[in-house]
Amino acid sequence: DYYQKGCSVRLLNPQTYSRSVWKLNSTLQQFFNSCVGANVYLTPPGSQGFAAHYDDIEAFVLQLEGRKHWRLYKPRSDREVLPRYSSRNFSEDEIGSPVLDVILEPGDLLYFPRGFIHQAKTVSDYHSLHITVSSCQKNTWGDLLEKLVPAALEMALQDDVEFRKALPRDYLDYVGITHSDKKSTKRTRFVRHTEYLMSKLFSYAPVDAAADQMVVEFLHSSLPPLLTSDEVACSVHGSGPRWMSPTALSAPSQITGDVKVCLLQHAIARLVMEEDQLKLYHTVDNSRIYRGKEQQFIEITEEEAIAFEYLLQQYPQPVAVSSLPLDGDDAKVEFVTLLFEHGILVMEHRVDEEFV
């Protein structure tokens, strides 16, 4: 009824329902190393779904059916270039002349960055069906620094006495907005010392740890891996009932040193140190609904972390369980079993061929 009255229909997160969109988004998220989302829009003829605005994502618009007239405008100012948040709706007299004026037909793809104002309307004789794929939301240098700077300051305060020294007794006499337009030797000295401490702060910056925290959030937002038939057949994903069967051998007795294994996919897991505990975060059990499940991780030892890094370095080549850099055959089998049962590893051969 709403569609007949000229309203657009928006389908949120089609990757939840469509295997094709799941595959597309899953592939792109590995390429961009950033969360990739999607929405589908159905608009009746002669209608406009949204007023002119800009978004906080990189947008890829793929026209599926019908036609749609798109107009794109440059950011209005430097402050609106690559924005972190989407805008309000704009009136025509706020946005100027379009830099792109085009009608999309089925198969056409349109890309525009964050901050580019856009509006679209169907032509009078055609409906429109398009999918918008989005990426790079809150995946900027600034987002990394939001995690990095507080951590660096905490470490500096712990390790460096210069950061713990008291401020000058009389500093309120020459800094603050009341004194911002006044020049004095004390003010100049204060500002220069602040600059010195800021430059020194970088030496305490845990860049890798901050990047890992970005990855943890990315993995939580990611789609689960879309598996090929071979990946299913060679992993626990295709042998769940066999593991549960009362007549099946226990996993440790089935996985031996001669068995060759490989990571399921390269980007499905990440090793992170949190509060002196090594955690292996992964996307294997993620939901196709955005953050529909709790964060998935396995706690492992330092020795097992080295073994995981070895598997990562060898990917996509299968390696024998016996070649893992762990002490003792039992430790190697137990670690591989742990990763296999969580769906992170696949075997070189089909599971039913390996153990018949």
Colleague: Apply the test side chain to side chain donor-acceptor pair (under 3.5 Å) to residues Gln30 and Gln265: give CA-CA distance (whole Å), side-chain angles for both, the deciding distance (0.1 Å), then the verdict.
Modeller: CA-CA 10 Å; Gln30 290 193 33; Gln265 292 177 10; 3.0 Å; yes
Colleague: Heavy atoms, side chains only, cut-off 4.5 Å: are Leu201 and Phe163 in contact?
Modeller: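 Contact flag for Leu201/Phe163 side chains = yes.
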Colleague: Apply side-chain hydrogen bond (donor to acceptor under 3.5 Å, both in side chains) to Glu274 and list each qualifying residue two or more places apart in sequence or on a separate chain.
Modeller: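 Applying side-chain hydrogen bond (donor to acceptor under 3.5 Å, both in side chains) to Glu274 gives Gln213, Lys279, Tyr281.
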Colleague: If the condition is salt bridge (charged side-chain N to carboxylate O under 4.0 Å, His left out), which residues does Asp108 pass it with, not counting sequence neighbours?
Modeller: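 Here no residue qualifies.
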Colleague: Does one hydrophobic cluster hold both Val272 and Ile298, with members joined at side-chain heavy-atom distances below 4.5 Å?
Modeller: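 No.
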Colleague: I need the full list of salt bridge (charged side-chain N to carboxylate O under 4.0 Å, His left out) pairs touching residues 213-228, with sequence neighbours left out, sorted by first then second residue.
Modeller: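 Every pair satisfying salt bridge (charged side-chain N to carboxylate O under 4.0 Å, His left out) with a residue in residues 213-228: Lys147-Glu217.
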Colleague: Using distance alone, with no hydrogens and no angle criterion, decide if Glu231 and His237 have a side-chain donor and acceptor under 3.5 Å apart.
Modeller: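 Side chains of Glu231 and His237: no pair found under 3.5 Å.
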Colleague: Side-chain contact, heavy-atom cut-off 4.5 Å: Leu263 with Val346?
Modeller: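 Answer no - side chains too far apart.
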Colleague: Going only through I, L, V, M, F, W and Y residues with side-chain contacts under 4.5 Å, is there a path from Ile300 to Leu219?
Modeller: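 Looking at the clustering, Leu219 is in a separate group from Ile300.
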Colleague: Look at the side-chain heavy atoms of Ile, Leu, Val, Met, Phe, Trp and Tyr, link any pair under 4.5 Å apart, and say whether Tyr315 and Leu345 land in one connected group.
Modeller: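 Yes, same cluster.
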Colleague: Check this for me, if you would: do Asp173 and Lys186 make a salt bridge, where the nitrogen-to-carboxylate-oxygen distance has to be below 4.0 angstrom?
Modeller: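 Salt bridge between Asp173 and Lys186, a charged N being under 4.0 Å from a carboxylate O: no.
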Colleague: Report yes if some heavy atom in the side chain of Trp22 is under 4.5 Å from a heavy atom in the side chain of Tyr17; otherwise report no.
Modeller: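 Side chain of Trp22 against side chain of Tyr17, heavy atoms only: no contact under 4.5 Å found.
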Colleague: Treat each ILVMFWY residue as a node, draw an edge where side-chain heavy atoms are under 4.5 Å apart, and state whether Val133 and Leu129 are in one component.
Modeller: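 Val133 clusters together with Leu129.
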Colleague: Does the side chain of Ile344 come within less than 4.5 Å of Leu338's, by heavy atoms?
Modeller: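 They are not in contact (no side-chain heavy atoms under 4.5 Å apart), so the answer is no.
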Colleague: With sequence neighbours excluded, what pairs up with Leu62 under the side chain to side chain contact (heavy atoms under 4.5 Å, CB included) test?
Modeller: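 Leu62: side chain to side chain contact (heavy atoms under 4.5 Å, CB included) contacts with Leu64, Leu109, Ile131.
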Colleague: Can you tell whether the side chains of Glu304 and Lys332 come within less than 4.0 Å, N to carboxylate O?
Modeller: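 Salt bridge between Glu304 and Lys332, a charged N being under 4.0 Å from a carboxylate O: no.
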Colleague: What is the minimum heavy-atom distance between Gln295 and Val216, and which atoms define it?
Modeller: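 What the structure gives for the nearest pair is NE2-O, 3.3 Å.
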Colleague: Side chains of Arg114 and Cys136, heavy atoms from C-beta outward: is any pair under 4.5 Å?
Modeller: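 Contact flag for Arg114/Cys136 side chains = yes.
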Colleague: In terms of side-chain heavy atoms, does Asp160 have a donor or acceptor partner in Tyr204 at a distance below 3.5 Å?
Modeller: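 The answer is yes; a qualifying pair exists.
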Colleague: For Ser180, give me all partners under side chain to side chain contact (heavy atoms under 4.5 Å, CB included), at least two apart in sequence or on another chain.
Modeller: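 Here the qualifying residues are Ile177, Arg187.
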Colleague: Taking side-chain hydrogen bond (donor to acceptor under 3.5 Å, both in side chains) as the definition, give me every residue that meets it alongside Gln119, ordered by chain and number, with sequence neighbours left out.
Modeller: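 Listed in chain order: Gln48, Tyr73, Glu92.
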Colleague: Please tell me if the side chains of Leu312 and Leu271 come closer than 4.5 Å, counting only heavy atoms from C-beta onward.
Modeller: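 Side-chain contact under 4.5 Å: no.
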Colleague: Are side-chain heavy atoms of Arg288 and Pro224 found at a separation under 4.5 Å?
Modeller: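 Of all side-chain heavy-atom pairs linking Pro224 with Arg288, at least one is under 4.5 Å.
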Colleague: Once rounded to the nearest 0.5 Å, what's the spacing between atom OG of Ser87 and atom CG of Asp55?
Modeller: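 With rounding to 0.5 Å, OG (Ser87) is 7.0 Å from CG (Asp55).
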Colleague: Taking distance alone, no hydrogens or angles, what donor-acceptor pairs closer than 3.5 Å link side-chain atoms of residues 319-331 to residues at least two apart or in another chain?
Modeller:
{"from": "Ser322", "atom 1": "OG", "to": "Gly257", "atom 2": "O", "distance (Å)": "3.3"}
{"from": "Ser323", "atom 1": "OG", "to": "Tyr310", "atom 2": "OH", "distance (Å)": "3.4"}
{"from": "Ser323", "atom 1": "OG", "to": "Ala320", "atom 2": "O", "distance (Å)": "2.6"}

Colleague: Under a 3.5 Å threshold, yes or no: a donor from one side chain and an acceptor from the other, between Thr43 and Lys68?
Modeller: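 Looking only at side-chain atoms, Lys68 and Thr43 do form a donor-acceptor pair, the distance falling under 3.5 Å.
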Colleague: Applying side chain to side chain contact (heavy atoms under 4.5 Å, CB included) to Phe297 and Glu299, what does each step give before you reach the verdict?
Modeller: CA-CA 7 Å; Phe297 65 87; Glu299 293 186 352; 3.9 Å; yes
Colleague: Please list all pairs passing the side-chain hydrogen bond (donor to acceptor under 3.5 Å, both in side chains) test where one or both residues lie in residues 189-198, with sequence neighbours left out.
Modeller: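 For residues 189-198: Glu162-Tyr196.
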Colleague: Checking side-chain polar atoms at under 3.5 Å, does Asp101 have a donor or acceptor matched by the opposite partner on His69?
Modeller: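 Yes.
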Colleague: State which residues pass side chain to side chain contact (heavy atoms under 4.5 Å, CB included) with Glu94; sequence neighbours excluded, sorted by chain then number.
Modeller: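 Testing Glu94 for side chain to side chain contact (heavy atoms under 4.5 Å, CB included), a comparison that skips the adjacent residues, returns Arg76, Arg88, Phe90, Ser91.
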Colleague: Quick one: list whatever passes side chain to side chain contact (heavy atoms under 4.5 Å, CB included) with Pro206, sequence neighbours left out.
Modeller: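 Here the qualifying residues are Leu148, Ala151, Ala152, Met155, Ala209.
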Colleague: Treat each ILVMFWY residue as a node, draw an edge where side-chain heavy atoms are under 4.5 Å apart, and state whether Ile103 and Tyr41 are in one component.
Modeller: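 Looking at the clustering, Tyr41 is in a separate group from Ile103.
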Colleague: Without hydrogens or angle criteria, can the side chains of Arg67 and Ser128 be said to hold a donor-acceptor pair below 3.5 Å?
Modeller: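 Their side chains do not contain a donor-acceptor pair, so the 3.5 Å distance test is not met.
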Colleague: Less than 3.5 Å apart, any donor N or O on the side chain of His342 or Asp285 sitting next to an acceptor on the other?
Modeller: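 Not at all, the side chains of His342 and Asp285 share no donor-acceptor pair under 3.5 Å.
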Colleague: For Asp170, look at atom CG and say whether over 12 heavy atoms of other residues, nucleotides or ligands are found less than 6.0 Å away.
Modeller: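 Correct, the count exceeds 12.
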Colleague: Please tell me whether Thr283 and Asn286 have a donor and an acceptor in their side chains that are separated by less than 3.5 angstrom.
Modeller: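 The answer is no; no qualifying pair exists.
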Colleague: For the OG atom of Ser8 and the NZ atom of Lys121, what is their distance to the nearest 0.5 Å?
Modeller: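 Ser8 OG to Lys121 NZ: 11.5 Å, rounded to 0.5 Å.
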Colleague: Parallel under 30°, tilted from 30 to 60°, perpendicular over 60°: which one fits the rings of Phe112 and His118?
Modeller: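 Answer is tilted, since the angle falls between 30° and 60°.
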Colleague: Taking the side chain as every heavy atom from C-beta outward, state whether Phe116 and Pro113 have any atom pair closer than 4.5 Å.
Modeller: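 Touching, per the 4.5 Å side-chain cut-off.
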Colleague: Counting distance only, does the side-chain N/O of Arg164 pair as donor-acceptor with the main-chain N or O of Gln158 below 3.5 Å?
Modeller: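 Side chain of Arg164 to backbone of Gln158, a donor-acceptor pair under 3.5 Å: yes, one is there.
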Colleague: Mind checking side-chain hydrogen bond (donor to acceptor under 3.5 Å, both in side chains) for Lys23 and listing every partner two or more places apart, or none if nothing turns up?
Modeller: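 Partners of Lys23 by the side-chain hydrogen bond (donor to acceptor under 3.5 Å, both in side chains) criterion come out as none, since no residue qualifies.
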Colleague: Determine yes or no for a side-chain-to-main-chain donor-acceptor pair under 3.5 angstrom, with Ser18 supplying the side chain and Gln15 the backbone.
Modeller: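 Answer holds: no.
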Colleague: What residues form a side-chain hydrogen bond (donor to acceptor under 3.5 Å, both in side chains) with His130, not counting sequence neighbours?
Modeller: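 side-chain hydrogen bond (donor to acceptor under 3.5 Å, both in side chains) check on His130 returns Thr132.
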